[in-house]
Amino acid sequence: MSLPVRTRFAPSPTGYLHVGGARTALFNWLFAKRHGGTFVVRVEDTDAARNTEEARAAIFEGLEWLGLDWEDPEHEGDCGPYYQSQRTDIYEEWFQKLVTADRVYEDEGAWRFCFERKPITMNDLVCGEVVIDYTDESNTPDMVVRRSDGSFVFHFVNVVDDLTMGITHVIRGEDHLMNTPKHLQLIEALGATPPKYAHVPLILNGDGSKMSKRDEGAALGDYPKQGFLSSAVVNFLALLGWSPKDEKEIFSAAELIGKFSLESVNRAPARFDPEKCRWVNQQHLLGLSPDDFVASCASEASPAMLLSIQEKITLLTEVPDAVSFYLDPEFPTDPLALEKVKGNDLAATLLSKLVENFESLDDWSQAKEIIGTTAKASDAKPGQLMFPLRIALSGKAGGPDLGAILEILGKAECVRRLARFTALLK
RNA sequence: GACCCGUUCGUCUAAUUGGUUAGGACUCCGCCCUUUCACGGCGGCAACAGGGGUUCGAGUCCCCUACGGGUUGCCA
């Protein structure tokens with residue numbers, strides 16, 4: 001029988017979590033969960049120069065925000081340490097195996113691993129069978145596995161870690177495809193069984209260029225700041241380079257786990273589309289329960305106010321602006337919208353009649369009906385009154401449903417705002 | 001340069017073992033619903049990189065070219 005699935009994400013601390021790395025982590029997590037396995041995170045911090053506390057924190061904060069869970073000392077893992085900088089004893093021990101097997105030799109103080117000169121075949125779960133020929137030494141010189149200062153290089157520690165941590169599936173970026181035969185050779189020399197490999201395509205900018213730190217959408221830490229829901233980002237990232245192969249597009253993490261498979265991962269790199277990412281976010285916002293939506297807004301505004309804008313916003317960052325007119329008695333009026341109403345005599349008369357009708361209204365729940373009857377009494381369409389009324393009450397051309405605004409503001413405040421607006425019209 | 005991977009609407013993508021009017025989604029544009037704003041519904045614009053084969057028949061298989069990406073470190 002096959003071993004319990006263990007996948008891993010092995011970032012190096014660079015100060016931020018790249019969206020491509022986040023997606024790689026997500027695929028590893030989805031695959032592990034799909035097969036009832038475990039997702040391991042280990043930090044490749046052998047390059048001491050950029051290994052800072054904040055750099056490490058950025059990784060874990062990002063993964064946590066996405067809602068992933070992983071194995072480490074705090075999460076019942078016993079394959080630690082999970083930092084390469086703390087595993088030198090292990091590396092030393094495994095390095096001796098290469099020495100014993102006579103597969104390394106000294107070269108100017110460093111140690112090189114000598115490749116077997118033969119074609120190496122890999123069966124990638126995404127790319128299929130790929131053969132790299134190691135016969136020609138000039139293309140594939142023996143690689144350094146231990147530097148002259150005694151430290152070990154990436155290829156060696158990466159392989160030893162995967163082996164000792166019991167990793168069964170290595171899912172990583174396509175930039176590692178050409179590293180795989182090197183790793184396979186190392187594993188063979190160590191007398192171990194290699195994990196299965198899956199190389200997923202990279203994420204590019206909208207124009208096809210490589211995504212770097214400053215590009216839009218590159219840093220995962222920016223998403224919460226920009227008002228994205230983590231569930232939406234998970235959903236969007238999963239759809240970048242992978243397809244559930246049906247018409248549905250909006251998924252919860254649990255649904256993704258149920259559908260994920262490496263066979264459906266694409267080979268071609270995907271381009272990042274901020275527009276669609278926002279649409280996915282809007283869909284997730286729409287799908288939130290009232291309580292969850294209110295909680296996500298993290299706003300001073302009342303639940304009724306917030307709920308009135310749930311289907312009007314795309315990003316959470318729009319919330320303060322969308323509800324500000326409720327809270328600010330002296331809210332600003334959009335000049336453009338005001339201009340549209342200003343030259344309109346009909347609007348002015350309708351509004352003044354509406355004020356009278358509002359004032360004599362005992363049952364405020366009838367307010368919305370009154371709009372229609374007021375307009376009709378003057379032979380006008382209700383729409384001709386509703387737009388000016390919207391400007392009068394909110395200062396904006398768009399916003400929540402008028403009925404909701406009327407109800408939330410209440411009679412006195414509506415009448416007051418109407419009077420204020422009439423003054424503005426002059 | 002060498003080696004590797006890739007190429008379907010502008011973007012994300014679907015297309016049972018070769019037989020489709022090449023499907024869906026985002027964006028944009030119409031229409032409908034709505035006495036307002038949205039949501040929603042319906043419809044439209046828009047793609048098999050190019051060229052050769054194989055085949056009765058190719059987006060699907062093979063080759064070449066072009067373009068894109070990756071790798072070629074005592075970085076990870």
Side-chain angles (χ1 to χ4, degrees), chain A residues 10-14 44-47 49-50 84 107-112 122 124 126-128 130-134 136 138-141 143-155 157-158 172-182 199 201-204 206-210 236 239-250 264 266-280 282-283 286 308-313 368-369 371-376 380-391 393-394 396-406:
Chain A
S12 58
T14 55
E44 311 221 321
D45 57 349
T46 50
D47 187 4
R50 48 187 188 184
Q84 285 184 339
D107 177 24
E108 295 183 17
W111 290 83
R112 285 185 185 274
M122 36 190 175
D124 194 275
V126 169
C127 302
V130 179
V131 182
I132 307 293
D133 194 1
Y134 272 67
D136 184 356
S138 63
N139 287 333
T140 54
M143 66 174 169
V144 170
V145 289
R146 184 170 205 174
R147 302 186 189 91
S148 46
D149 68 0
S151 63
F152 297 97
V153 306
F154 160 75
H155 297 103
V157 296
N158 188 271
R172 68 210 328 189
E174 202 200 64
D175 47 339
H176 285 294
L177 185 62
M178 299 297 276
N179 288 154
T180 306
K182 298 177 184 175
H199 290 89
L202 273 17
I203 298 176
L204 272 27
D207 64 2
S209 63
K210 189 177 175 178
F236 177 73
L239 258 27
L240 224 47
W242 171 79
S243 164
K245 304 212 183 288
D246 63 25
E247 313 274 81
K248 205 179 164 210
E249 301 218 80
I250 302 301
S264 307
N266 291 138
R267 282 75 56 188
R271 300 181 184 204
F272 181 81
D273 182 4
E275 202 77 50
K276 186 150 188 178
C277 190
R278 282 192 280 272
W279 175 77
V280 172
Q282 182 186 36
Q283 293 300 309
L286 245 25
S308 76
I309 59 156
Q310 180 167 10
E311 55 180 28
K312 319 292 174 189
I313 63 170
K368 201 174 175 185
E369 313 298 319
I371 300 170
T373 48
T374 303
K376 281 171 190 156
K381 288 183 202 158
Q384 292 174 287
L385 174 53
M386 294 183 104
F387 183 73
L389 176 60
R390 173 176 290 286
I391 312 299
L393 298 179
S394 74
K396 290 183 286 196
D401 176 77
L402 259 182
I405 297 178
L406 254 19

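Order of the sequence lines sets the chain letters (A, B, ...), proteins ahead of strands, with each chain counted from 1.
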Practice prompt. Look only at the side chain of A:Asp124 and the backbone of A:His199, and say whether a donor-acceptor pair between them is shorter than 3.5 Å.
Written response: yes

For [N], which nucleotide in any strand shown is its Watson-Crick or wobble partner with both distances under 3.5 Å?
N      : answer
B:rA47 : none
B:rG30 : B:rC42
B:rA25 : B:rU11
B:rG68 : B:rC5
B:rC74 : none

Taking atom [atom1] in both [N] and [M], what distance in whole Å separates the two?
N      : M      : atom1 : answer
B:rC63 : B:rC3  : P     : 15 Å
B:rG44 : B:rG51 : C1'   : 34 Å
B:rG23 : B:rU16 : P     : 15 Å
B:rA15 : B:rA49 : P     : 16 Å
B:rG57 : B:rC45 : C1'   : 31 Å
B:rA22 : B:rU60 : C1'   : 12 Å
B:rC26 : B:rG41 : P     : 9 Å
B:rU7  : B:rG40 : C1'   : 36 Å

Quick check for you: to the nearest 0.5 Å, what is the distance between [X] atom [atom1] and [Y] atom [atom2]?
X        : Y        : atom1 : atom2 : result
A:Phe154 : A:His176 : CZ    : NE2   : 4.5 Å
A:Cys127 : A:Glu174 : SG    : CD    : 5.5 Å
A:Ile132 : A:Thr140 : CD1   : OG1   : 10.0 Å

Nearest-Å distance for atom pair [atom1]/[atom2], residues [X] and [N]:
X        : N      : atom1 : atom2 : result
A:Arg147 : B:rC75 : CZ    : C1'   : 8 Å
A:Arg146 : B:rG73 : CZ    : C1'   : 19 Å
A:Leu239 : B:rG24 : CG    : C1'   : 11 Å
A:Ile132 : B:rC3  : CD1   : C1'   : 7 Å
A:Asp124 : B:rG70 : CG    : C1'   : 13 Å
A:His176 : B:rC75 : NE2   : P     : 16 Å
A:His155 : B:rU72 : NE2   : C1'   : 10 Å
A:Glu249 : B:rG24 : CD    : C1'   : 7 Å

Worksheet item: By side chain to side chain contact (heavy atoms under 4.5 Å, CB included), which residues pair with A:Asp107, not counting sequence neighbours?
Response: A:Tyr105, A:Arg112

Practice prompt. Applying salt bridge (charged side-chain N to carboxylate O under 4.0 Å, His left out), name anything that partners A:Glu249, two or more places apart in sequence or on another chain.
Written response: A:Lys276

Worksheet item: Under the salt bridge (charged side-chain N to carboxylate O under 4.0 Å, His left out) test, which residues partner A:Asp207, sequence neighbours left out?
Response: none

For [X], which contact category applies under a 4.0 Å heavy-atom criterion: base, sugar-phosphate, or nothing?
X        : result
A:Gly241 : sugar-phosphate
A:His199 : nothing
A:Asp246 : nothing
A:Ser148 : base

Worksheet item: For every nucleotide of nucleotides 31-48 of chain B, 5' to 3': is a protein heavy atom under 4.0 Å from its base (B), only from its sugar-phosphate (S), or from neither (-)?
Response: ----BBBBSS--------

Practice prompt. At under 4.0 Å between heavy atoms, which parts of nucleotides 5-11 of chain B does protein reach? Answer with one letter per nucleotide, 5' to 3': B base, S sugar-phosphate only, - none.
Written response: SSS---B

Mind checking whether [X] and [Y] have side chains closer than 4.5 Å, heavy atoms only?
X        : Y        : value
A:Trp279 : A:Ile250 : yes
A:His155 : A:Val145 : no
A:Ile371 : A:Leu406 : yes

Item to complete: Applying ring-ring contact (aromatic ring centres under 6.0 Å, His included), name anything that partners A:Phe387, two or more places apart in sequence or on another chain.
Response: none

Worksheet item: When you check the phosphate oxygens OP1 and OP2 of B:rC74, does a side-chain N or O of A:Arg112 lie under 4.0 Å from one of them?
Response: yes

Worksheet item: Side-chain N or O of A:Asn266 less than 4.0 angstrom from OP1 or OP2 on B:rA14?
Response: yes

Worksheet item: Closest nucleotide of RNA chain B for A:Lys248 versus for A:Lys182: which of these residues is on the 5' side?
Response: A:Lys248

Worksheet entry | Donor on one side chain, acceptor on other, A:Ser151 and A:Arg147, under 3.5 Å | yes

